[in-house]
Amino acid sequence: MDQQAKIDADFLEPTVLLDETHYQEGYRNGYNDGLASGKEEGRQVGLKMGFQVGEELGFFQGCLDVWTSAILIDQNAFTARVRKNIEQLAALVGSYPLSDPENEQIQDVMEKIRLKFRVITASLGVKLEYEGHPKSSKQDAEDL
C-alpha cells in the first residue's frame with residue numbers, strides 16, 4: 001500500500017467509525033423505546049381482555065345465581081334436565097382458570113360455558129345472551 005492510499009484510508013476510518021457508532025446508538029435507543037412501549041401496549045391489551053372475560057363470566061354467574069335461587073324457592077321450577085345443565089354450567093364457570101391466563105385450555109373452557117348456556121336458554125325457551133363479546137373467540141384474536 002502506498003503512502004497516499006494509507007493516508008486516504010486513515011482519513012476515512014473516523015467517518016466510518018462515527019457512522020457505525022451512530023447506527024449502534026440509534027439501534028439501542030430504538031430497541032429500548034420499543035421494549036418499553038411494547039410492554040405498556042401488552043399491559044393495556046391484557047387489561048382489556050381480562051376485563052372482557054371477567055364481565056362475561058360475571059354475566060353467566062349472575063344468570064346461575066338467579067336460576068339457583070329459583071330452584072331453592074321451588075324445586076320444580078325447572079325440569080330435571082335443565083337443573084342438571086345448570087349444575088354443569090356452574091361447574092364449568094367454577095373451573096375457569098382465572099389465575100392462570102396462559103392455560104392452553106382457557107378458550108375451550110369458555111366455549112363450553114357459552115355452549116352450555118345456549119343449551120339452558122334454549123331449553124327454557126328464552127332468548128338470553130351476553131352481548132358484550134364477539135360471536136366467536138377467533139374474532140377476539142383477530143381484533144388484537
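Small disclaimer: the values here were computed from a predicted structure and weren't measured. Values below: every heavy atom of this structure, side chains too, minus hydrogens, waters and symmetry copies.
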message: As an exercise, state the distance from CZ of Phe117 to CD of Glu56, rounded to the nearest 0.5 Å.
response: 9.5 Å

- request: Check whether any side-chain heavy atom of Ser123 sits under 4.5 Å from a side-chain heavy atom of Arg81, and report yes or no.
  value: yes

- prompt: At what distance, to the nearest 0.5 angstrom, does CD of Glu102 lie from CG of Asp100?
  reply: 7.5 Å

- request: Give the cluster check for Val119 versus Leu128: same hydrophobic cluster or not, with ILVMFWY residues linked at side-chain heavy-atom distances below 4.5 Å.
  value: no

- prompt: Quick one: salt bridge (charged side-chain N to carboxylate O under 4.0 Å, His left out) pairs with a partner in residues 32-47, sequence neighbours left out?
  reply: Glu40-Arg43

statement: d(Lys112 NZ, Ser95 OG) to nearest 0.5 Å is 8.0 Å

- request: Answer yes or no: is there a donor N or O on one side and an acceptor on the other, between the side chain of Arg83 and the main chain of Phe78, under 3.5 Å?
  value: yes

Pair up each side-chain donor or acceptor in residues 57-69 with any protein partner under 3.5 Å, not counting sequence neighbours, and list the distances.
from  : atom 1 : to    : atom 2 : distance (Å)
Gln61 : NE2    : Asp65 : OD1    : 2.9
Thr68 : OG1    : Leu64 : O      : 2.7
Ser69 : OG     : Asp65 : O      : 2.9

query: Should the pair Glu25-Arg28 be classified as a salt bridge under the 4.0 Å nitrogen-to-oxygen rule?
result: no

field: Least distance between heavy atoms, Ala77 atom then Ala70 atom
entry: CB-O, 3.9 Å

- request: Could you state whether Leu98 and Val109 fall into the same hydrophobic cluster, counting links through intermediate Ile, Leu, Val, Met, Phe, Trp or Tyr residues with side-chain heavy atoms under 4.5 angstrom apart?
  value: yes

- prompt: Linking I/L/V/M/F/W/Y whenever their side-chain heavy atoms sit closer than 4.5 Å, directly or via other members, would Leu72 and Ile120 fall into one cluster?
  reply: no

statement: CD (Glu55) and OH (Tyr130) are apart, to the nearest 0.5 Å, by 3.0 Å

- line: Separation between CG (Leu124) and OG1 (Thr79), nearest 0.5 Å, reads 8.0 Å

message: Is the shortest side-chain heavy-atom distance between Thr121 and Lys127 below 4.5 Å?
response: no

- prompt: Does Ile106 share a hydrophobic cluster with Phe51, counting links as ILVMFWY side-chain heavy atoms below 4.5 Å and allowing steps through other members?
  reply: no

task: First locate atom CG of Leu47, then atom CD of Gln52, and finally report the distance between them rounded to the nearest 0.5 Å.
output: 10.0 Å

